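Below, chain A is the first sequence line, B the second, and so on; all start at residue 1. Just so it is clear, the structure is predicted and the values come from calculations on it, not from any experiment. In what follows, every heavy atom counts, from backbone to side chain, and hydrogens, waters and symmetry copies are set aside.
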Amino acid sequence: MWASGAKIEAAGPGDEPLVGDGVKQVLQFTRDMVKAGNVPEGARSENGETFHLQFGSGKVGMMGTGNFNITLARQQNPKMDFGIALLPGMAPNSAASFIGGDLVVVPKGSKRVDDAVNFMKFLLSDQVQVEVYAKALNLTTRTDMVDNKYFQAEPLVQDVAKALEVGRTPYTLTFFEQINSPQGPWLKMLQRAYYSDDNLDTVIADAKAAMKTIANQ
Amino acid sequence: MFRGRRSRLVGMAYLAPAVIFVLVFTVYPLGHMVWMSFHNWSLITPPRWVGLGNYQRALADRQYWVSFLFTLKYTAMITPILIVGGYLLALLTVERSPLRRLTRTTVFIPVVIGLGVSSLLWYWLFSADFGPINKALMDLGIISKPVLWLGVDADLSNLAIIASVAWKVMGFGMILFVGAIQAIPTDITEASLVDGASFWQRVTRVILPLTLRSVLLVTLVSVIGSLLAFDQFYIMTAGQPQNETATSVFYIYLNSFPYLRLGYGAALSMILALTILAFTVVQLLLTRRSHA
């Protein structure tokens, strides 16, 4: 959706979520994939434990995941020849990526702001970026550290690093409740889009209303 | 008088470790939870007094009551299975023979593994694409294509989870029932044999009445455990489909931690705790009546 120019989460009170034609286009595309039988039936009950095993079946063209899966995919499928591509949008040559998972923040009211800032500088230092993050084949936070000896030895990670240029990090205090929550409106929207015949405009409108309510709390 | 006071002090000294343990790990956390329930607190901002606001919100929270009713339904379905199944297994294995001891041990082994591990195991067993259950059923010709056991149909998910929990937990009830049945004086069961009672007559007229307290105890433990169900639903269905298999504790967990609404989570916890207390009081009254 990002790659198709859409905006997803509501950043805060009064902000509008799920904006842009890309939202409906992507939902329609994925609904069509499900109806055409291009998604394994088991995906409906997938909780994340076994989804990476589908990749090894040889019937899956693309698996949406992060760089952490490169080593795992190779271990599980040693004979498989696979590469890396950025997550595409609806238009040709459009791509986007999700950057994040780990946050370093200074809470409001903190009495040790200077210490926190010093720690952030430490994390962003050349040595930590290369000798800790890159060495473990984790993406560096700094795009200027992408060209390092560890990534040079692993071409697939170099391809993943291109995601840093088109990647985004959601910015909202209620990200979990809006998007990640198993009881949240985002998952409900996707499930209705994929596995029901509900009108997509209604599906999106319902999700929008729920996400706005959460952001307005 | 000095000896009386001294022996009281000695008694208190012996009690002190247990009292301190209860104060630190039960009374203080409970009191803190009550305090939290009257505040809005996200951990990253200071707590703010809201009085009964969280409780009023809970009463109007549709999802909490959907989860609560589902939890009651799950409890009502699994408890008889655990009691009846555990009791039948106890009757089967109560004799003191090597084979029956081995059977008891085998049935009891799942009790000692964690519920999270058990849930992960059963998630894999029920997997539509990789699980052996579907493969076995298809090989036997019972089904023609894999069944989506988890996260698609709420009733089917509930049944699958009940099967997994029954496998794990039934041995606990069995062991308690075996102990209760073995504690029955042998002259009573011999007298019933002499009187010509059949096996089922002995079970219903002699064994069951004399082990009723254990039955009520196991029922209480099963009901409390089921009302607090979380791991199995979090791991196996994540509350799907559409939150229809999200239990009360699952909802409390989401509000307390990922949503950073500790005060509201505490209020929901208090409501659940009072519900469990009500069940416990009823249980104790029934136990007292059976003893009388």
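Using a 4.5 Å heavy-atom cut-off against chain A, the contacting residues of residues 254-263 of chain B are B:Leu254, B:Pro258, B:Tyr259, B:Arg261. Contacts with chain A (heavy atom to heavy atom, under 4.5 Å) involve these residues of residues 237-249 of chain B, listed by number: B:Ala238, B:Gln240, B:Gln242, B:Asn243, B:Ala246. Contacts between residues 224-236 of chain B and chain A, counted as heavy-atom pairs separated by less than 4.5 Å, involve B:Ile235.
With salt bridges taken as basic N to acidic carboxylate O contacts below 4.0 Å, none links A:Asp198 and A:Arg31.
A pairwise comparison of heavy atoms in A:Ser45 and B:Tyr123 identifies O-OH, 3.1 Å as the closest pair. When all heavy atoms of B:Ser222 and B:Ile83 are compared, the closest pair comes out as OG-CD1, 4.1 Å. Considering all non-hydrogen atoms of both residues, B:Tyr64 and B:Ala58 come closest at CD2-O, 4.4 Å.
Residues A:Tyr133 and A:Leu123 have side chains in contact (heavy-atom distance under 4.5 Å, counting atoms from C-beta outward). Counting heavy atoms from C-beta on, the side chains of B:Leu156 and B:Val152 never come closer than 4.5 Å. Within the 4.5 Å cutoff, the side chain of B:Asp153 has no heavy atoms near those of the B:Leu148 side chain.
Chain B forms the most heavy-atom pairs under 4.5 Å with one residue out of A:Ser110, A:Gly42, A:Pro107, and that residue is A:Gly42. The choice from A:Arg44, A:Glu177, A:Arg192 that makes the most heavy-atom pairs within less than 4.5 Å of chain B is A:Glu177.
Annotation: ring pair (Phe, Tyr, Trp, His ring centres under 6.0 Å) contacts involving residues 153-175 of chain B, sequence neighbours excluded, comprise B:Trp122-B:Trp167.
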Residues A:Asp197, A:Lys35; criterion salt bridge (Lys or Arg N to Asp or Glu O under 4.0 Å); working and verdict: CA-CA 10 Å; A:Asp197 292 318; A:Lys35 286 191 185 307; 2.7 Å; yes
Begin with the C-alpha distance, continue with both residues' side-chain angles, and end with the deciding distance and a verdict on side-chain contact (heavy atoms from CB on, under 4.5 Å) for A:Lys7 and A:Asp15. CA-CA 11 Å; A:Lys7 173 177 170 274; A:Asp15 194 28; 3.0 Å; yes
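How far CG of B:Asn158 is from NZ of B:Lys73: 6.0 Å, rounded to the nearest 0.5 Å.
Taking the six-membered ring where tryptophan is involved, the planes of B:Phe38 and B:Tyr55 are tilted, since the angle between them lies from 30° to 60°. Below 30°, between 30° and 60°, or above 60°: for B:His32 and B:Trp35 the angle between ring planes is below 30°, a parallel geometry.
Of the atoms belonging to A:Gln217, it is side-chain heavy atoms, and not backbone ones, that fall under 4.5 Å from chain B. Heavy atoms closer than 4.5 Å to chain A are found nowhere in B:Trp149, neither backbone nor side chain.
Side-chain N or O atoms of A:Arg168 include one that pairs as donor or acceptor with a backbone N or O of A:Trp2 at under 3.5 Å. Listed for the B:Asn40 side chain is no donor-acceptor partner under 3.5 Å among the backbone atoms of B:Pro47.
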